[in-house]
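It should be emphasised that the depicted structure is a prediction, and the values quoted were computed from it without experimental measurement. Just so it is clear: chains get the letters A, B, ... in the order the sequence lines come, proteins before strands, and each one is counted from 1. Worth knowing before you read on, the calculation uses all heavy atoms, side chains too, and leaves out hydrogens, waters and symmetry mates.
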2 protein chains.
Amino acid sequence: MPRGGKRAGAGRPKGTGKYAEPTKAIRVPVSMVDKILEYAHSGGFQLPLYGGKVAAGCPAPTDDYIEGMMDLSEHLVHDPATTFFVRVTGYSMLNAGIHPDDILVVDRGLEARHGKIVIAAVDGELTVKRLYKKDNLVRLMPENDDFEPIDIAPQETLHIWGVVTNVIHAL
Amino acid sequence: MPRGGKRAGAGRPKGTGKYAEPTKAIRVPVSMVDKILEYAHSGGFQLPLYGGKVAAGCPAPTDDYIEGMMDLSEHLVHDPATTFFVRVTGYSMLNAGIHPDDILVVDRGLEARHGKIVIAAVDGELTVKRLYKKDNLVRLMPENDDFEPIDIAPQETLHIWGVVTNVIHAL
DNA sequence: TAAATAGAATAATGTACTTTTATCAATATG
DNA sequence: CATATTGATAAAAGTACATTATTCTATTTA
């Protein structure tokens, strides 16, 4: 004999799936399936960003004081097509807070203007320096007194790879 | 009259799709469809990482000198469940290369040992300090001579949110 | 009368199938 | 004979459908 039947509230409720929201079938490369599922499940690598204020003696991170959610790649990489990373070697930019083994976020889509910190190819090496570009004078300025500026003669061409936007330093 | 016909090489060739490889249909939350498609299309936010050496006068980034491909989130976030970000306020850790408005990557899954830089909740504020923890003495040490260490009395409990693993500094 | 159970309803999920797209070679054309 | 056209073919892409999972309540049972 029939039980249940048509009535309000019957059936599986909405939002009881893995993602607590409607889903859609999309096609992705086989090699990335696992990574994408992880990405989807973790909410796109969005992690909480906290500001300065919390309740006195607040023992652990709570939603109450979240400034927002943030994805690092999204935050640091404006245009994936023009962005790349460079591992720092040397101490020439120490006073700019750039240490050996730091990772620099570099955008070659930005204009290399006077005063910007840039990545340049000089003598088979990548160097980080502050660009000096005034009165037809082009110089790569270190920010460490132990190093000398590199003058670029007018006939030489300076190969600038891009402008440094961020420094990532491990502790 | 029939043209074409059954023959070797007929049909759409493999690898002529968007991803140049076979795809699979998977289900993802509707709200993330766009982000995931972007993620899939950009190869998972993997961007080139360059080391120090390139050919002299190499005018632009080339594959020849890539050290590898890197995803920032993957590289900086070991465990999404225990990681969060904190925006820096104040100058108390300047000598450790931590400036105002920098973003710190913090892992609360790591043990807060002596000598580590930690995030602690003190008097309703989040502070970054180096943890001093020896001989039953607990102190939060600034790295800037203009600031004083914060002593934690034995009866007080210090609320440590996590250990700072990376500093992200915008230029 | 209270607890257990089976049936129905409906969302969620995964995959099979249909539609679209790209390429090749046989044929037609100039 | 060189070039353009056409239809067959097969991969790629998107979607519909069948399956699975979950919840609710009417009925049964103790």
Side-chain angles (χ1 to χ4, degrees), chain A residues 1-49 61-63 66 68-84 109, chain B residues 1-49 61-63 66 68-74 77-84 109:
Chain A
M1 217 170 190
R3 308 180 186 196
K6 186 163 192 171
R7 79 206 88 97
R12 181 174 182 169
K14 281 188 186 179
T16 56
K18 253 188 286 193
Y19 300 108
E21 71 166 291
T23 60
K24 183 172 164 28
I26 60 172
R27 224 161 239 289
V28 297
V30 167
S31 67
M32 295 187 65
V33 167
D34 290 347
K35 280 190 67 175
I36 287 170
L37 288 177
E38 193 192 327
Y39 181 75
H41 211 264
S42 73
F45 300 147
Q46 299 266 337
L47 295 177
L49 168 66
T62 50
D63 289 357
I66 287 180
M69 298 297 276
M70 195 177 75
D71 174 313
L72 270 185
S73 296
E74 218 171 86
H75 185 254
L76 297 178
V77 180
H78 266 94
D79 183 357
T82 61
T83 303
F84 58 93
Chain B
M1 214 174 191
R3 308 179 185 195
K6 184 160 193 172
R7 80 207 88 96
R12 182 176 182 169
K14 280 189 185 178
T16 55
K18 254 189 283 191
Y19 301 107
E21 71 167 289
T23 60
K24 182 173 164 28
I26 60 171
R27 224 160 239 291
V28 297
V30 166
S31 67
M32 295 187 66
V33 167
D34 290 348
K35 280 190 66 176
I36 287 170
L37 288 177
E38 193 192 328
Y39 181 76
H41 211 265
S42 73
F45 300 148
Q46 299 265 336
L47 296 177
L49 168 66
T62 50
D63 288 356
I66 286 180
M69 299 295 277
M70 196 178 74
D71 174 312
L72 269 186
S73 296
E74 220 171 86
V77 180
H78 264 94
D79 183 358
T82 61
T83 303
F84 58 93

Between [atom2] on [N] and [atom1] on [X], what's the gap in Å once rounded to a whole number?
X	N	atom1	atom2	result
A:Leu37	C:dT13	CG	P	12 Å
B:Ile26	D:dG14	CD1	P	13 Å
A:Lys18	D:dT22	NZ	P	11 Å

B:Thr16 has a side chain; which of C:dC17, C:dA22, C:dT13 sits nearest to it? C:dA22
So if I take every side-chain heavy atom of A:Arg12 and compare against D:dA21, D:dA13, D:dA16, which nucleotide ends up nearest? D:dA21
Indicate yes or no: at least one non-hydrogen side-chain atom of A:Lys18 is less than 4.5 angstrom from one of B:Arg27. no
5'-most contact on DNA chain D (nearest-nucleotide basis), B:Thr23 vs B:Arg27, goes to B:Thr23
Note: A:Ser73 and B:Asp71 closest approach over all heavy atoms is OG-OD1, 3.9 Å
Shortest non-hydrogen contact from A:Ser31 toward B:Glu21: OG-OE2, 2.9 Å
Please tell me if B:Lys14 has a side-chain N or O lying less than 4.0 Å from either OP1 or OP2 of C:dT23. no
Distance test, side-chain N/O of B:Lys24 to OP1/OP2 of D:dA12, below 4.0 Å: no
Atom pair OH (B:Tyr39) and NZ (A:Lys35), whose distance is rounded to the nearest 0.5 Å: 4.0 Å
